[in-house]
2 protein chains.
Amino acid sequence: MARKKSETGPARRGRPPAYDTETALKRATETFWRTGYSGTSLDKVAAATGMSPPSLYAVFGNKHALYLEALARYWEISLAATREALAGDHPLDEALMLAYDAALSIYFSGKGSARGCFVVGTAVTEVAEDAAIRSSVATGLRAIDADFEARFRLAQDKGELDREADPAALAILAAATMQTIAIRARAGARRADLREIARKAVTVICGRQPEAR
Amino acid sequence: MARKKSETGPARRGRPPAYDTETALKRATETFWRTGYSGTSLDKVAAATGMSPPSLYAVFGNKHALYLEALARYWEISLAATREALAGDHPLDEALMLAYDAALSIYFSGKGSARGCFVVGTAVTEVAEDAAIRSSVATGLRAIDADFEARFRLAQDKGELDREADPAALAILAAATMQTIAIRARAGARRADLREIARKAVTVICGRQPEAR
DNA sequence: GTATATTTGTATGGATCGTTATAAAAATCA
DNA sequence: TGATTTTTATAACGATCCATACAAATATAC
């Protein structure tokens, strides 16, 4: 629960915070993103944020709570990116490519080699033993499926997609494509190659257009 | 490089090993599988294998080398399972389902909740900062793609698959389906639901059969 | 038996882990 | 100014990390 959202009230009482909570969370996220939850020590987070351990604990609680907040924020951002891509009035194949381009922008953000998806790259490992992380991941995965499925249903309504197509099945494949791209990005694949993968996947998923072109 | 493969020569000299290297590697793999590489201490591995830390180091080198050997062994087993499923003379859709059933058997093996895929569940996290693990993962991913692609090409030759289909694109989708199943299994999805996902994906991937049914 | 070779368990080293006690620093309120 | 409030940095806590020194244990070779 990030504070610092106070609307500059009548001036706070004690010593003012030296660091912004939002940017600290962003820096912490970047650190977890690269070395995972278990592989990231709080000292590393402290170094990345410039905050001392006691300040981190005062603001975020503990390492686990900090990671959960980073995970929740990541879901917000990445799900919003997918939704925005799918929400426009583009043709189905273009909308899907916009979603994959948005994902690629996230997966290849930051300095150095690609980090892929924060969830696939760090949360999935913890999910086996950590109920809180598992819950967050499961909920997010369902949301992705639902967003894709809604777009496929809309495509059917608009006549872009064969009436006999199965929107739920296509949604799983669309989500799977996003996830394989996330894995391959982290494993070192080139962005252009991954975009080509997305393009081919979209072609298969959209299938032959209904008669009216 | 696991020893203990010696063909019972003229009787070894010193005190005989108390533990079998193969079963120790299997137990170590199971431990990494659940808590990941960074999340698994050597003490935990020692407890799981029943071996003392010095014995583990004598046999496997160090924690990193032990994990790499577990990873290599996992690739061997899982790739062999996929190949065997695709190698039979079943129809394309049945062959694909055999591959997914084999994967599900691996993902749901062991006691307790499903661990998913060892690679997706543990190696992908380390891949960002560990060159050796990254190399192993990249090679394995290429192998999966190649195995699926070969099967799709065969299907075209046998007339099971539309001549205009793109075997490479379908292979990516088939691999992506396997990976999304791995992720969802670890995140708590039920086996029956994942099998249904596989079934629907196979339907989309195989597409409409060519004229001759 | 004695010497040699190899593995074993115990015990521990030095570093790092997550977390917190403590007190100085920097602001407002009186 | 002095009291109060809040954040800061330093330092350290016990626990655990990966790895190894050491000597007892157990086999063969002579």
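Naming: A, B, ... by sequence-line order, numbering from 1 per chain.
Residues A:Thr40 and A:Thr35 bring a donor and an acceptor atom of their side chains to less than 3.5 Å of each other. If you check the side chains of A:Thr122 and B:Thr125, you find no donor sitting under 3.5 Å from an acceptor. With hydrogens and angles left out, the side-chain atoms of B:Ser113 and B:Arg186 include no donor and acceptor closer than 3.5 Å.
Summarising the geometry, the separation between OH on A:Tyr57 and P on D:dA9 is reported as 16 Å, rounded to the nearest angstrom. The NZ atom of B:Lys63 sits 12 Å away from the C1' atom of D:dT16 (whole-angstrom rounding). In this structure, the NE2 atom of A:His64 is 16 Å from the C1' atom of C:dT19, given to the nearest Å.
Of the residues near DNA chain C, A:Gly14 and B:Arg15, the one whose nearest nucleotide (by heavy atom distance) lies more toward the 5' end is B:Arg15.
Heavy-atom contacts from other residues, nucleotides or ligands closer than 6.0 Å to CD of B:Glu84 number 12 or fewer.
Under 4.0 angstrom from either OP1 or OP2 of D:dA9 there lies at least one side-chain N or O belonging to A:Tyr19.
When each of C:dT7, D:dA19, C:dA27 is scored by its nearest atom to the side-chain atoms of B:Asn62, the top-ranked nucleotide is D:dA19. Of the candidates C:dT7, C:dG18, D:dT7, C:dT7 carries the atom nearest the B:Pro17 side chain, counting heavy atoms from C-beta on.
End-to-end axis angle of the helix from C:dG1-D:dC30 to C:dA30-D:dT1, using five pairs per end and rounding to 10°, comes to 10°.
Ring geometry for A:Trp33 versus A:Tyr74: interplanar angle over 60°, hence perpendicular rather than tilted (30 to 60°).
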Measure all distances between protein nitrogen or oxygen atoms and nitrogen or oxygen atoms of nucleotides 1-3 of chain C, and list the pairs falling under 3.5 Å.
none

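A:Arg184 meets the salt bridge (charged side-chain N to carboxylate O under 4.0 Å, His left out) test with B:Asp145; sequence neighbours excluded. Under the rule for a side chain to side chain donor-acceptor pair (under 3.5 Å), the partners of A:Ser105 that lie at least two apart in sequence or sit in another chain are A:Arg191.
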Show which side-chain atoms of residues 49-59 of chain B pair as donor or acceptor with protein atoms under 3.5 Å away, not counting sequence neighbours.
unit_1: B:Thr49; atom_1: OG1; unit_2: B:Val45; atom_2: O; d: 2.9
unit_1: B:Thr49; atom_1: OG1; unit_2: B:Ala46; atom_2: O; d: 3.3
unit_1: B:Thr49; atom_1: OG1; unit_2: B:Met51; atom_2: N; d: 3.2
unit_1: B:Ser52; atom_1: OG; unit_2: B:Ser55; atom_2: OG; d: 3.2

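No option in B:Arg153, B:Arg83, B:Arg142 other than B:Arg83 meets the salt bridge (charged side-chain N to carboxylate O under 4.0 Å, His left out) test with B:Asp147. The only option from B:Thr82, B:Leu92, B:Leu170 that meets the side-chain contact (heavy atoms from CB on, under 4.5 Å) definition with B:Arg151 turns out to be B:Leu92. Results of the ring pair (Phe, Tyr, Trp, His ring centres under 6.0 Å) test with A:Phe118 over A:Trp75, A:Tyr67, A:Tyr107 single out A:Tyr67 as the only residue that passes.
In the region residues 32-55 of chain B, proximity to DNA chain C at under 4.0 angstrom, judged on heavy atoms, holds for B:Ser52, B:Pro54, B:Ser55.
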